[in-house]
Amino acid sequence: MPAFRAIDPAGLPKHFEAPAAEGRWDAEWERLGVHAYDPSRSRDETFVVDTPPPTVSGSLHVGHIFSYTHTDVIVRYQRMRGRNIFYPMGWDDNGLPTERRVQNFFHVRCDPRLPYEPGLLLEPATPARLKELPRIVSRPNFIELCQRVTGEDEEAFKTLWRRLGLSVDWRQEYATIDVRSRRLAQLSFHDLFRKGHVYSLEAPTMWDVDFQTAVAQAEVEDRPVRGAFHQVAFDVEGTSERFLIATTRPELLPACVGVTAHPDDTRYQHLFGRHALTPLFRVPVPIFPSELADPTKGTGILMVCTFGDATDVIWWREKRLALRQVLGRNGRFVPVPFGSPGWESADPAAASRAYEPLRGKTVSGGREAVVAALREAGALEGEPKPIEHAVRFYEKGDRPLEYISTRQWFVRLLDKKDALLARGEEIAWHPDFMRLRYRNWTENLQVDWCISRQRYFGVPFPVWYPLDAQGAPDHEHPIVAAPEAMPVDPMTDTPPGYEPAQRDRPGGFSGEPDIFDTWFTSSLTPQISSAWLLDLDRHRRLFPADIRPQSHEIIRTWAFYTIAKAHLHEDTIPWQHVVISGWILDPDRKKMSKSRGNVVTPMHLLDEYAADGVRYWSAGARLGTDTVFDEKVMKVGKRLVTKLFNAGKFVLAQSGDAHGIDAELDRAFVARLATLVATVTAAHEEFDFARALMETESFFWHDFTDTFLELVKVRARDGEPAARGSAVGALRLGLSVLLRLFAPVLPYITEEIWAWAFAEETGCPSIHRAPWPGARDFAAIPAPAAEGSFEVAVACLAAINRSKSEAGVSVGRGVRRLGIAAHPATLERLRPVLADVAAAARVEAYDLEPAATLADGVVEVRTPEFVAAMEA
RNA sequence: GGGCGGUUAGCUCAGCGGGAGAGCAUCGGCCUUACAAGCCGAGGGCCACUGGUUCGAUCCCAGUACCGCCCACCA
């Protein structure tokens, strides 16, 4: 008869020393390779995570802990199911935040036209050496500096992630600006170009006048802005008639190229086909009908300018109106030649005089000047009427977007809406309603994806343009770099067939100075991990991925573009599941964000509540649900850890012979345990880790420690060998199963307890590679003889406890004799477990009192005689 | 304006056709050889509102209100 090896509780620490254990296990997991991806195993055994690369230049806050814990809980569950886990970590160092950070750190700016200087920053980078850096550096040098700065940021994240216990395979790291990412982004462009999915076009594009770059629809947001309706009088050419248009942008009057009203609007029908003369500038512009004009807005008739808004762009395109671009890329009025072709005026001299004060002014300055001039000319009807209206802004910008005609690169998506919608339906969204966000966005897509940015830090377009004899670029025949040469920087590298000396010379070539939209690279995270086009075998084993964890506000960007890329490149979906974490709200229910200044940094929380305690808080929130930041929940988590520690110590300190689990109460307990396992497993299969945790916790606390453990305690210590062995066996099985159910959420405490006995016993050195509990754990244990014998035992113990509580005596107080009243059927079920109940409650003698009036399952206690306090 | 989610005990949330629940907080009791970082108990709710379906509605349907989010709204 094998015996249970009992541990000596005296040899264990008094308390769970979390920080020390966290460091120890982190190192041990590394040593054992617990988190290592095994490239030799097949795809269907593998679970692939498309981890969100955090923006390294951003601040660390509890929101990070929250969503990354969700992913880790899912991953740890899958690992215990035997899956080969691919769980990488990327660092997003592309984009404006890093650009600004590098500028500020090194006090340098980037000029892509400068030649690369190898070894510009010599190590170590002492302050003196930093001072010697040139103020302006080439793009390759700027990228090197970026990698230096972000390296430190990455370390901070990595330290936090490791402490938190993220089971990332740290051999699978990448950065969005590293060589492989740059190469893949350019390969992606090459593939799209080859397939005809990208094109460049000179057209009005949404433009941020401060960042001086084009932006995509996905980066645009509407903000309410105070403005005013100005009623401006226009003359009708060849008549003495006047009409009033209403505009919020009077400064664009010199850019007016037409006037329109609704075709059914009787007030203006007679004007269609005629020309209007703009005030001040006396420019003749056509008056035409349009369904897009709203008769109820303003005066019902409005001026079309190049460009006041998106509708102006539509009219300009459809009616083939003139292009009179008065705003430059910096948002200021540029000089314009009234009287020359395209700038016709009935009075060019007056027009030029009227325009002169605008030159060099900003939009708001120009507005004041035009309004003043209109007022003086008697063309302003009444006073401007203040209104609040929505205006488009670049999400990072401070001034409204302008539509400015520039040459940009686009990915053709509008004609693929249906296919992209179908892709969205192929993917499982968690929670499911999040798919509507995707659907909604895709259906409402207005323009193709503008992927070029007029910034200098990022992944460059791998493109040059041939120059003709006059030195003008031929945009229709771009030279795209060869895949094997990538990554290239066209501003420093030379295209095939040309000499460096031919750069920017007639008959030579010119590099494309633009960089990709950061999402152009970020939308490849699954392919960056899988080394698409670089390692075909690896790619096949890792793509498409299983899960994409992310937050809901970037469904229209990150999720959408990633789906689009996978569709365009390989005609597939990028992952099977999207799991969406909610936001962390501060106590005022506002989203926690750096800009709001309500951010809670995470490190001290780990110190105070231990990684497991903080993870407990995170894992309690269901996917898609916003959660109020609440330290009290972490406190509860910490208490759970302590309870596990103590329960584990107690259970493993019990000794006995392993006779097999055959006592009725133990069998009934095991049956309940098996039900729990089924429930928790089903919850995890639906990514409902919150429910899994709740069920496990409630069972552990109530069924295990408060009842079962109390009920069998005496038998486990003093019982006959067989009865004792059954009790100890059931306790150990319960502990082993519960530890494994808790392991995804509480990796440290469960590993610690596992190591005391189960590691050796099972041959699984880490609980995180131990098999998930299941039928195998319960196969040898017979089903209970009676349904519900566990429940009646609990009810009976509770009834006795209640009588003690009412009498104000300790639960430990002995009972000389009492009556146990219950329905006869209940008493029948109680009989085989009564000895355990009596022992636990310290009842010396009892009388069973059948009571048919009581409901089945109810147990009442009659006339308890407590042992006197003295005797106790 | 369109779409989505929410509204359940003081707080944070589960439940989703027949019993209104958990944790925290509150109150009372208890040192009981795993754990006082604990244990045993108790109180507390027209399940937002109005209709409908049903033998029966917190749960299903319709509508209203409020909170939040996503999108649209530049004359």
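Order of the sequence lines fixes the chain letters, A, B, ..., with proteins taken first and strands second; residue numbering starts at 1 for each chain.
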(request) Please check if the side chain of A:His230 supplies one atom and the backbone of A:Ala228 the other of a donor-acceptor pair under 3.5 Å. (result) yes
(request) Give a yes or no on whether the backbone of A:Val578 and the side-chain of A:Trp429 come within a donor-acceptor separation of less than 3.5 Å. (result) no
[atom1] spacing across the pair [N] / [M], given as an integer number of angstrom:
{"N": "B:rC69", "M": "B:rA37", "atom1": "C1'", "answer": "39 Å"}
{"N": "B:rA57", "M": "B:rG19", "atom1": "P", "answer": "10 Å"}
{"N": "B:rG10", "M": "B:rC71", "atom1": "P", "answer": "36 Å"}
{"N": "B:rG2", "M": "B:rU58", "atom1": "P", "answer": "30 Å"}
{"N": "B:rG45", "M": "B:rA25", "atom1": "C1'", "answer": "16 Å"}
{"N": "B:rC46", "M": "B:rG1", "atom1": "C1'", "answer": "36 Å"}
{"N": "B:rA48", "M": "B:rG15", "atom1": "P", "answer": "15 Å"}
{"N": "B:rC66", "M": "B:rG23", "atom1": "P", "answer": "35 Å"}

(request) Show your reasoning for whether side-chain contact (heavy atoms from CB on, under 4.5 Å) applies to A:Leu644 and A:Phe700. (result) CA-CA 9 Å; A:Leu644 270 164; A:Phe700 167 71; 3.8 Å; yes
Rounded distance (Å) that lies between atom [atom2] of [N] and atom [atom1] of [X]:
{"X": "A:Met634", "N": "B:rU12", "atom1": "CE", "atom2": "P", "value": "16 Å"}
{"X": "A:Phe433", "N": "B:rG2", "atom1": "CZ", "atom2": "C1'", "value": "17 Å"}
{"X": "A:Arg556", "N": "B:rC70", "atom1": "CZ", "atom2": "P", "value": "8 Å"}
{"X": "A:Glu443", "N": "B:rC71", "atom1": "CD", "atom2": "C1'", "value": "11 Å"}
{"X": "A:Trp583", "N": "B:rG6", "atom1": "CH2", "atom2": "P", "value": "16 Å"}
{"X": "A:Asp626", "N": "B:rU7", "atom1": "CG", "atom2": "C1'", "value": "15 Å"}
{"X": "A:Tyr438", "N": "B:rG5", "atom1": "OH", "atom2": "P", "value": "20 Å"}
{"X": "A:Leu436", "N": "B:rG6", "atom1": "CG", "atom2": "C1'", "value": "16 Å"}

(message) Test of understanding: with side chain to side chain contact (heavy atoms under 4.5 Å, CB included), list the residues that count as partners of A:Val447, not counting sequence neighbours.
(response) A:Gln217
(request) Go through B:rC74, B:rC4, B:rA37 for me and flag the one nearest to the A:His15 side chain. (result) B:rA37
(message) By nearest atom, which of the nucleotides B:rC74, B:rC71, B:rC70 is closest to the A:Arg392 side chain?
(response) B:rC74
(message) So if I define the base as every atom that isn't primed, P, OP1 or OP2, how would nucleotides 21-36 of chain B read as a B/S/- string at a heavy-atom cutoff under 4.0 Å?
(response) --SS---BSS-BSBB-
(message) Testing A:Phe742, A:Trp756, A:Tyr748 one by one against A:Phe645 for a ring-ring contact (aromatic ring centres under 6.0 Å, His included), which residue passes?
(response) A:Trp756
Looking at every strand, decide which applies to [X] at a 4.0 Å heavy-atom threshold: base, sugar-phosphate, or nothing.
{"X": "A:Phe16", "result": "nothing"}
{"X": "A:Ala690", "result": "nothing"}
{"X": "A:Phe229", "result": "sugar-phosphate"}
{"X": "A:Ile387", "result": "sugar-phosphate"}
{"X": "A:Asp222", "result": "base"}

(request) Inspect the surroundings of CD in A:Glu381 and state if more than 12 heavy atoms from other residues, nucleotides or ligands are less than 6.0 Å away. (result) no
(message) Atom CZ of residue position A:Arg267 - does it have more than 12 heavy atoms of other residues, nucleotides or ligands inside 6.0 Å?
(response) yes
(request) Answer yes or no: is there an ion pair linking A:Glu608 with A:Lys638, defined by an N-O contact shorter than 4.0 Å? (result) no
(message) Taking A:Arg691 first and then A:Glu695, would you say they form a salt bridge - that is, a charged N and a carboxylate O separated by under 4.0 Å?
(response) yes
Phosphate OP1/OP2 of [N] contacted by [X] side-chain N/O (<4.0 Å):
{"X": "A:Gln217", "N": "B:rC71", "answer": "no"}
{"X": "A:Trp701", "N": "B:rC39", "answer": "yes"}
{"X": "A:Arg691", "N": "B:rG15", "answer": "no"}
{"X": "A:Arg439", "N": "B:rG3", "answer": "no"}

(request) Between A:Thr625 and A:Val220, name the one whose nearest nucleotide on RNA chain B is closer to the 5' end. (result) A:Thr625
(message) Please compare A:Gly620 and A:Lys297 by the position of their nearest nucleotide in RNA chain B and report the one closer to 5'.
(response) A:Gly620
(request) Kindly express the pairing pattern of RNA chain B in dot-bracket notation, using | wherever a base pairs with another strand and counting only Watson-Crick or G-U pairs under 3.5 Å. (result) ((((((((.[[[[.).....]]]].(((((.......))))).....(((((.......))))))))))))....
(message) Can you see whether A:Ser655 engages A:Arg724 through a side-chain donor-acceptor pair at a distance of less than 3.5 angstrom?
(response) yes
(message) I want to check a possible cation-pi pair here: A:Lys643 against A:Phe704, using under 6.0 Å from ring centre and within 45° of the ring axis as the test.
(response) no
(message) Is the distance from the ring center of A:Trp583 to that of A:Phe66 below 6.0 Å?
(response) no
